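Working notes, structure below.
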Amino acid sequence: TECEKEPGSLLWVFVMVGNIVRGMGETPIMPLGISYLEDFAKAENSPFYLACLHTATVIGPFLGLLLASFCAELFVDVGSVGPDQITITATDARWVGAWWLGILICALLNLLVGIPFWFLPKSLVKEGETNEPEETGEKCVVPLQDNDKNEAKQNISSSNFIPFLKALFRNPVYMLFICITVLQFSAFDGMISFMPKYLEQQFGKSASDAIFLIGVYNLPVLCVGYFSGGLFMKKFKINIYQAANIAFWVSLLEYLLYFAAYWTVCDTSPVAGLTVSYE
């Protein structure tokens, strides 16, 4: 007999639109936040502040993985289905965790955290400068006189956006940095996507345990790396060329360590129909 196909649901469209809106809200934080720090921080303190910013961006996924681990322990229909009605456990392949609960909690937290951004001042006193009335008055004269010029420059830059974009894409340093960033995020996203399933199949872990292990073993180390790197650059006042050399040798060492993982091979678990027969 042919399998009966149930009508598909379009609820995934709401999830997709929600992720698009979330991306639109999160995208300005990094470029504008970095510019905010660069404009009002000392040059020697800027790397440390940026390291704190990147550390915070890693702490967020770490807490998110812990939340996902908790939600994966709950059945998808939590609240509407009693525990006595559930006949499978979290280690069963048919188990579906309460994935939607984490989205609702994070959406509410994003809304609450976004409120203080409305109260950030448009301009700050640059770090290290005094806030005396005389100096402040002298510094405020120039922006008032050049206000029209700045508006004209903004109009010119908006009209020449495409030529500037082409010139940016022709910059070899910028394009090399973009390629390196894409490769790094591709490796990280691949690990986040496939490692939980590997832990489930190879070591018999539940989805909740696999997510928890990834969060505990990977993200705290990244936090330490970001923070210590920024502190190192602040303490020794590393310039851009020295930072590039350090990044190269550290990345090479990282590649060699990851390459050594090819020799840590475990026996493949028996899977009916793939590695062993059904009989």
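Computed from heavy atoms alone, side chains included, the values below leave out hydrogens, waters and symmetry copies. For clarity, every value in this text was computed on a predicted model and none was experimentally measured.
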- prompt: With distance as the sole test, does Asp209 use its side chain to make a donor-acceptor pair with the main-chain N or O of Lys205 at under 3.5 Å?
  reply: no
message: As an exercise, state the distance from CZ of Phe169 to OH of Tyr174, rounded to the nearest 0.5 Å.
response: 6.0 Å
query: For atom OH of Tyr198, is the number of surrounding heavy atoms from other residues, nucleotides or ligands below 6.0 Å larger than 12?
result: yes
Exceeds 12 heavy-atom contacts within 6.0 angstrom, atom CE of Met16: yes
message: Taking Val221 as the starting point, is it possible to reach Val224 by hopping between hydrophobic residues whose side chains are less than 4.5 Å apart?
response: no
- request: Measure the CD1-CG distance between Ile178 and Leu168 for me, rounded to the nearest 0.5 Å.
  value: 8.0 Å
- request: Answer whether the closest heavy-atom distance between the side chains of Leu104 and Leu108 falls below 4.5 Å.
  value: no
- prompt: Where is the tightest heavy-atom contact between Ala90 and Ser206, given as atom of each residue plus distance?
  reply: O-CB, 3.8 Å
message: Quick check: is Ile211 connected to Ile59 through a chain of hydrophobic side chains (ILVMFWY, heavy atoms under 4.5 Å apart)?
response: yes
- line: Closest non-hydrogen atoms of Cys223 and Val58, given as atom of the first, atom of the second and distance, are SG-CG1, 3.5 Å
Connected via hydrophobic side-chain network under 4.5 Å: Leu213 and Phe62: yes
message: Would the distance check show the side chain of Ser69 and the main-chain N or O of Leu65 forming a donor-acceptor pair, the cut-off being under 3.5 Å?
response: no
query: So which heavy atom on Met233 is nearest to which on Ala243, and how close?
result: CE-CB, 4.0 Å
- prompt: Mind checking whether Val17 and Leu111 sit in one hydrophobic cluster, side chains of I, L, V, M, F, W, Y counted as touching below 4.5 Å?
  reply: no
- prompt: Is the backbone N or O of Ala247 less than 3.5 Å from a side-chain atom of Ser251, with the two atoms forming a donor-acceptor pair by type?
  reply: yes
Parallel, tilted or perpendicular, as decided by the 30° and 60° cut-offs, for the rings of His54 and Tyr226: parallel
- prompt: Would a 4.5 Å heavy-atom cut-off, applied to side chains only, mark Ile246 and Phe232 as touching?
  reply: yes
message: Could you measure the distance from the CZ atom of Arg170 to the CG atom of Leu165? Nearest 0.5 Å is fine.
response: 10.5 Å
- request: Any chance you could lay out the ring pair (Phe, Tyr, Trp, His ring centres under 6.0 Å) test for Phe70 and Phe212, step after step, and finish with the verdict?
  value: CA-CA 9 Å; Phe70 169 76; Phe212 177 79; over 10 Å; no
Atom pair CD1 (Ile180) and CG (Leu176), whose distance is rounded to the nearest 0.5 Å: 4.0 Å
- prompt: So, does Trp100 use its side chain to make a donor-acceptor pair with the main chain of Val76 at under 3.5 Å?
  reply: yes
field: Reported OG-to-CG distance for the pair Ser46 and Leu50, which is rounded to 0.5 angstrom
entry: 4.0 Å
task: Spell out, yes or no, whether Phe236 and Val250 are grouped together once hydrophobic residues are joined by side-chain heavy atoms under 4.5 Å, including indirect joins.
output: yes
message: Tell me whether the count of non-hydrogen atoms from other residues, nucleotides or ligands lying under 6.0 Å of CD1 in Ile240 goes above 12.
response: no
- request: Under the side-chain contact (heavy atoms from CB on, under 4.5 Å) rule, what do Ile214 and Leu199 come out as? Steps first, then yes or no, please.
  value: CA-CA 9 Å; Ile214 288 178; Leu199 294 176; 4.3 Å; yes
query: Quick one: does Asp92's side chain have a donor or acceptor within less than 3.5 Å of a partner on Ile88's backbone?
result: no
message: To check you understand the geometry: which heavy-atom pair defines the closest contact between Ala98 and Phe75, and what is its length?
response: CB-O, 3.6 Å
message: Check whether Asp77 reaches the backbone of Ser80 with its side chain - one donor and one acceptor, N or O, closer than 3.5 Å.
response: no
- prompt: Minimum heavy-atom separation for Pro220 to Gly215, with atom names?
  reply: CD-O, 3.0 Å
message: Which heavy atom of Thr181 sits nearest to which heavy atom of Phe177, and what is that distance?
response: OG1-O, 2.8 Å
task: Measure the shortest side-chain to side-chain distance between Cys71 and Leu67 over non-hydrogen atoms and say whether it is less than 4.5 angstrom.
output: yes
